[in-house]
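See structure below.
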Amino acid sequence: MMAVRVRIAPSPTGYLHVGTARTALYNYLFARKNNGKFILRIEDTDVERSSKEMTDIIIEGLKWLKLDYDEGPFFQSDYFSHYIDHIERLQKTGGIYRCFCTPEELEERKRKAISEKRAWKYDRKCLNLSQEEIEKNLKENKPFVWRVFIPEGKTGFNDLIHGLIEKDNSEIEDFIIIRSDKTPVYNFAVVIDDYRMGITHVIRGDDHISNTFKQLHIYRLLGVKPPEFAHLPLILDEKRAKLSKRSGTVSVLSFKDMGILPEAFINFIGLIGWSPGDNREILSLQEMIKLFSFDKVAKKGGVFDYKKLEWMNSKYITNSTNEKLYELLVPFYLKENIDLKEYPKEKILKIIESVKEKARYLKDFPFLTQFFFKDIENYDKKGIEKYFTSEKIGYLKDLTKKIQNIKDFNSFEIEKVYKEYIDEKNIKGADVIHPTRLALSGRTEGPSLFLMMEIFGKEESVRRLTRIFEFDIFTKQNDGGIV
RNA sequence: GUCUCCAUCGUCCAGUGGUUAGGACACAGCUCUUUCAAGGCUGCGACACGGGUUCAACUCCCGUUGGAGACGCCA
């Protein structure tokens, strides 16, 4: 079998689309599985809408997902002359012809056809222009485009995912391959590029099926064997329409900004439209490579379910080492004006450990652990009423004294002291645990209490507890909240 | 509108002629517990419809319906 060569061919739109990322992933999986090459090609034939910056963003997105490409990036705009070169060759086949119709004329005829309820297709007005007419137009410098003549018959191909797909040629219009400004139109550029680059398998979205018929005619005229095609089902939004800007977040990098882990994202999009065949949910890139095959790819479009992504991401977070999370978290804390590097790393690792099972996104961490870094500004109002009763404050005063005598201030020892006190007073653990948590964090929920105290250390724990006593305001008559 | 593609729980996937139609997310309840989350358990919940083929159809065929995509001198 010929060495596999596949490509991802995004157009530089300013971001890497989720759908493009999934297409890239499947191309990547197929290439790696078959020891082939995965190539990046930027489709920037629409020069006006393309720029270097936009290209960089796409590359950054692929890099984040670790979908490394073997060749490229190549730019279609670098090959403008190549496309024109092929025109001469095609012209000799008689399969293409000049069309002098202006966009305005076309628009007019199209509108008329539609108003008469006729399906519009280019009417071949310029197909049978005499040689004299052509010469005359050329001499007058009339702009023209090149169109492909579609003969009678049927066009079909054996799709790797869908099987045979065909269409009657009467449904395909004589489409344009070269614009009046001599630049190639997408359908032409793709074929020439794929041919030149020796692409063996074109793996792309389902929305390209109708283009495939046209492209097949270019291959025919070129006298070149077309590559294999695999048309992936689309990723849909909750309304089951093609996922687009209108659907919400479609930029891959914005998922990075939210604190989705790239591994989670890859795992998640990989499973929209493909499954390993069993009921596994958590898969690494390596496992996907091993298991990938087109007959496991679905034909049906799949909805992008944010809730499931969220769940999967939380899985990946809890399964990540604290060290890894530490590195990833630095920028997220910086956004909240907390520089992790200023603190002892050991302490930060413990803090991460204490909440990582609760976090769904990396961006959750700063909020979840805020109190470790800052003094409490507001104590939970309901918590004050419930836990800062004079009776419970009394317990805290006792406990504060007791914990000061702990030599090795770790969660185990602290818990021991609390247990003893609970037994001694014959009260419930909750009677002292919740008030302590509120005093330390200002919140009624949070990490395991004794671990929290260990992280704070004796001095800070005592300080925070003592602070409560200084304000004699946590009784019913108070409206709550220290500011 | 025309053409093309598609059709299993709300969602993502298993299923490839004979199953009590399975898992995951979500949702609900219970449990655990030091709160929250996580975890464990349970529940809710689907083969779009109509014809065939067959001893037997979720599975194969044909229609219907529904949904999506494409119909640019965009990609």
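Letters A, B, ... mirror the listed sequences (proteins, then strands); counts begin at 1. These numbers come from a predicted model, not from an experiment.
Side chain A/D206 to base B/G69: no donor-acceptor pair is found below 3.5 Å. For a distance-only test at 3.5 Å, the side chain of A/S210 fails to qualify as a donor-acceptor partner of the base of B/C71. Checked by distance alone, A/K358 brings a side-chain donor or acceptor within 3.5 Å of a matching partner on the base of B/C36. One cannot find a donor-acceptor pair under 3.5 Å joining the base of B/A75 and the side-chain atoms of A/N187.
A/E281 comes within 4.0 angstrom of a nucleotide base, judged by non-hydrogen atoms across all strands. Note on A/V303: only backbone sugar-phosphate atoms sit closer than 4.0 angstrom, heavy atoms only; bases stay farther off. Residue contacts shown for A/G205 are absent, as no nucleic acid heavy atom lies under 4.0 Å away. A/I172 comes within contact range of no nucleotide atom at all, as no heavy-atom separation falls under 4.0 Å.
Every residue two or more places apart in sequence or in another chain that forms a side-chain contact (heavy atoms from CB on, under 4.5 Å) with A/D431 is listed here: A/K392, A/Y395, A/I427, A/K428. Partners of A/R246 according to the side-chain contact (heavy atoms from CB on, under 4.5 Å) rule, which considers only residues two or more places apart in sequence or in another chain, are A/S244.
Within the structure, a side-chain polar atom (N or O) of A/K242 is placed less than 4.0 Å from OP1 or OP2 of B/A70. OP1 or OP2 of B/G15 lies within a sub-4.0 Å distance of a side-chain N or O belonging to A/K296. For A/K300 and B/U8, the shortest distance from a side-chain N or O to OP1 or OP2 is below 4.0 Å. For A/R240 and B/U11, the shortest distance from a side-chain N or O to OP1 or OP2 is below 4.0 Å.
With P as the reference atom, B/A37 and B/C71 are 48 Å apart, rounded to whole Å. Across the C1' atoms, B/G18 and B/A26 are found 33 Å apart, a figure rounded to whole Å. Going from the C1' atom of B/A21 to that of B/G17 covers 14 Å, rounded to whole Å. The gap from the P atom of B/A48 to that of B/C6 amounts to 15 Å, rounded to the nearest Å. With C1' as the reference atom, B/U59 and B/C3 are 29 Å apart, rounded to whole Å. Distance noted for atom P between B/U64 and B/U2: 12 Å (whole Å). Rounded to whole Å, the P atom of B/A68 lies 13 Å from the corresponding atom of B/U11. Comparing B/U8 with B/G23, their C1' atoms are spaced 13 Å from each other, to the whole Å.
The aromatic ring centroids of A/Y195 and A/Y219 lie 6.0 Å or more from each other. Remark: aromatic rings of A/Y26 and A/F294 are distant, center separation not under 6.0 Å.
Of the residues in residues 439-456 of chain A, those placing a heavy atom less than 4.0 Å from an atom of RNA chain B are A/T444, A/E445, A/G446, A/P447, A/S448, A/L449, A/F450, in numerical order. Near-neighbour residues of RNA chain B inside residues 157-170 of chain A, defined by a heavy atom below 4.0 Å, number-ordered: A/H162, A/I165, A/E166, A/K167. The stretch residues 96-112 of chain A comes close to RNA chain B through A/C101, A/T102, A/P103, A/K110, each having a heavy atom under 4.0 Å from the strand. Of the residues in residues 427-438 of chain A, A/I433, A/H434, A/R437 come within less than 4.0 Å of RNA chain B through at least one heavy atom, sorted by number.
A donor-acceptor contact closer than 3.5 angstrom links the side chains of A/Y97 and A/D174.
Between A/W146 and A/Q91 the shortest side-chain heavy-atom distance falls below 4.5 Å.
Here B/U16 sits opposite no nucleotide as a Watson-Crick or G-U wobble pair (both hydrogen-bonding atom distances under 3.5 Å). Using N1 to N3 plus N6-O4 or O6-N4 for Watson-Crick, or N1-O2 and O6-N3 for G-U wobble, each under 3.5 Å, B/A21 pairs with nothing.
For the pair A/G429 and A/I422, the tightest heavy-atom approach, listed with the atom from each and the gap, is CA-CD1, 3.5 Å.
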